[in-house]
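Just so it is clear, the values below take in all heavy atoms, side chains as well, and ignore hydrogens, waters and symmetry mates. FYI, the numbering just counts along the sequence from 1.
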Amino acid sequence: MTAIATRPETEHRGTTAPPARRRDSERLLNRVALGTLIALAVLWLVPLAWALATSVRPAQEVVTNPTGWFTAHPTLKAYGEIFDAGKLPYWYANSFITSILTTVLTVIMASLAAFALSQTRFRLRRAAFVMLLAGIMIPGQVLMIPQFLALQSAGLLNTYWGVVLPQVPNVVAVFVFKQFFDGIPRELIDAARADGAGWLRTYWQIVMPISRPAVSAVTIFVFVGVWNNFLWPLLVVTDPEMMTLPVGLTSVQDVFGVPYAQLMASAVLGAIPLLAVFALFQRRIVEGIAGTGLK
């Protein structure tokens with residue numbers, strides 16, 4: 001009787017209490033993951049910290065000791081020279097305008113295309129999606145000459161639209177939206193259609209309000225990509241007042257030759273807006289990555 005009474009209690013304890021070995025392995029895994037993240041963060045921050053330190057060092061110190069970190073006489077002379085040599089306010093404004101326009105148009109066009117591929121039914125739908133994904137394998141450089149000639153014939157060189165329009169088609173953004181839209185219950189779409197909502201109204205009033213994680217992810221990634229884009233604005237913009245920030249800062253560097261203080265100051269000025277975007281929307285970035293299945 002005693003053995004029968006105590007056996008269930010022993011089994012119950014064995015199934016509920018986690019083994020000490022498992023707890024130790026989980027702690028070790030957490031420590032390794034934390035250490036890896038800290039090491040990667042340090043590796044990412046060291047170049048930025050060195051650029052910031054170099055930008056406030058006197059030019060003579062940078063020439064004599066380019067790899068130094070500290071100075072007894074910090075100065076903002078390099079930043080002043082960049083402001084004096086270029087048209088920095090114009091370049092910041094141009095970068096913001098082109099980045100915002102491209103981001104808004106990309107979100108609208110990519111989400112519409114993804115909605116059609118995900119929620120509507122038409123012939124050759126799968127073939128259209130496969131052909132769309134095949135566009136990822138085409139290097140963007142291959143299309144630059146045809147796009148340049150098309151914009152030249154349309155008179156869009158040295159304009160905002162000349163910078164924006166070729167960057168709007170984004171296959172990755174379509175894929176991200178489609179992956180998210182595929183997870184929306186079909187019953188929700190059918191209920192909206194049964195209530196008399198058209199496809200456009202269903203897209204705008206039903207699908208998009210619940211797709212904020214996907215919208216946030218695409219918005220941030222497209223904005224950062226357009227802001228950092230150097231080659232395409234360099235091809236279509238020659239007017240100094242229409243240049244974006246990466247192109248304009250390069251022209252300033254050409255004026256100075258290769259003085260590292262001005263070069264690092266240019267890098268810091270170009271990175272400040274992106275760091276601000278990340279600091280303000282880091283939660284949205286994480287939610288967007290988790291919500292859209294990006295790895």
Side-chain angles (χ1 to χ4, degrees), residues 95-138 140 143 147 160-229 232 273-274 276-295:
S95 290
F96 273 112
I97 292 172
T98 55
S99 298
I100 292 173
L101 282 176
T102 305
T103 301
V104 171
L105 291 177
T106 299
V107 169
I108 294 174
M109 302 302 294
S111 60
L112 282 171
F115 178 77
L117 292 170
S118 175
Q119 299 299 333
T120 63
R121 299 293 181 266
F122 56 90
R123 292 183 61 184
L124 302 178
R125 181 172 63 92
R126 294 183 181 274
F129 183 59
V130 171
M131 293 178 63
L132 187 69
L133 292 181
I136 300 178
M137 296 183 292
I138 301 176
L143 304 176
Q147 289 175 342
Y160 290 136
W161 293 115
V163 179
V164 169
L165 292 179
Q167 300 186 80
V168 171
N170 193 314
V171 179
V172 176
V174 177
F175 178 77
V176 170
F177 275 118
K178 185 182 183 301
Q179 292 299 106
F180 189 88
F181 293 163
D182 287 343
I184 297 177
R186 183 65 190 181
E187 292 78 10
L188 184 63
I189 307 298
D190 293 338
R193 297 286 292 164
D195 289 340
W199 284 117
L200 187 59
R201 183 179 177 185
T202 302
Y203 156 81
W204 186 251
Q205 295 186 355
I206 305 298
V207 174
M208 291 304 289
I210 61 177
S211 303
R212 292 179 181 176
V215 172
S216 299
V218 172
T219 297
I220 294 168
F221 294 146
V222 171
F223 183 89
V224 172
V226 176
W227 183 276
N228 288 328
N229 195 353
W232 181 250
L274 299 183
V277 169
F278 180 80
L280 293 174
F281 301 104
Q282 57 179 330
R283 182 177 178 183
R284 289 290 186 180
I285 295 175
V286 176
E287 291 178 353
I289 294 174
T292 56
L294 292 176
K295 303 296 182 185

Q | Thr106 versus Ala173, closest heavy-atom pair with distance | A | CG2-CB, 4.1 Å
**Q.** Steps toward side-chain contact (heavy atoms from CB on, under 4.5 Å) verdict (Ile100, Val226)
**A.** CA-CA 9 Å; Ile100 292 173; Val226 176; over 6 Å; no
(Q) Ile136: which residues meet the side-chain contact (heavy atoms from CB on, under 4.5 Å) condition with it, sequence neighbours left out? (A) Leu133, Val171
Can you give the donor-acceptor pairs under 3.5 Å from side chains of residues 217-225 to other protein atoms, not counting sequence neighbours?
unit_1, atom_1, unit_2, atom_2, d
Thr219, OG1, Val215, O, 2.6

Q. Does a side-chain heavy-atom distance below 4.5 Å link Leu188 with Ile210?
A. yes
Q: Working to the nearest 0.5 Å, report the span between CZ of Phe96 and CH2 of Trp227.
A: 4.0 Å
Q | Closest contact, heavy atoms only, Trp161 versus Pro166 | A | O-CD, 4.0 Å
Q. Which pair of heavy atoms, one from Arg201 and one from Ala197, lies closest together, and at what distance?
A. CD-CB, 4.0 Å
Q: Would you indicate whether the side-chain heavy atoms of Leu117 and Phe181 approach each other to under 4.5 Å?
A: no
Q) Which atom pair, heavy atoms only, marks the closest approach of Ser211 to Ile184? A) OG-CD1, 4.3 Å
(Q) Just checking Trp204: does its CH2 atom have more than 12 heavy atoms from other residues, nucleotides or ligands closer to it than 6.0 angstrom? (A) no
Q) What residues, two or more places apart in sequence or in another chain, satisfy side-chain hydrogen bond (donor to acceptor under 3.5 Å, both in side chains) together with Arg193? A) none
**Q.** From CH2 (Trp199) to OG1 (Thr120), nearest 0.5 Å
**A.** 6.0 Å
Q: With the side chain counted from C-beta on, respond yes when Leu112 and Phe177 share a heavy-atom pair under 4.5 Å apart, and no when they do not.
A: no
Q) Does the side chain of Phe175 reach to within under 4.5 Å of the side chain of Asn170, using non-hydrogen atoms? A) no
Q: Please list, chain by chain and in numerical order, all residues satisfying side-chain hydrogen bond (donor to acceptor under 3.5 Å, both in side chains) with Thr103, sequence neighbours excluded.
A: none
Q) Of the non-hydrogen atoms in Ile108 and Tyr203, which two are nearest, and what is the gap between them? A) O-OH, 3.8 Å
(Q) Measuring only between side-chain heavy atoms, which start at C-beta, is Thr102 closer than 4.5 Å to Asn229? (A) no
Q: Verify the neighbour count for atom CE of Met208: are there more than 12 heavy atoms of other residues, nucleotides or ligands below 6.0 Å?
A: yes
Q | From CG (Asp190) to CG (Asp195), nearest 0.5 Å | A | 11.0 Å
Q: Could you list the residues that satisfy side-chain hydrogen bond (donor to acceptor under 3.5 Å, both in side chains) with Ser118, not counting sequence neighbours?
A: Asp182
Q) For Gln119, what residues pass the side-chain hydrogen bond (donor to acceptor under 3.5 Å, both in side chains) criterion, not counting sequence neighbours? A) Arg186
Q: Answer yes or no: is there a side-chain heavy-atom contact under 4.5 Å between Val164 and Val168?
A: yes
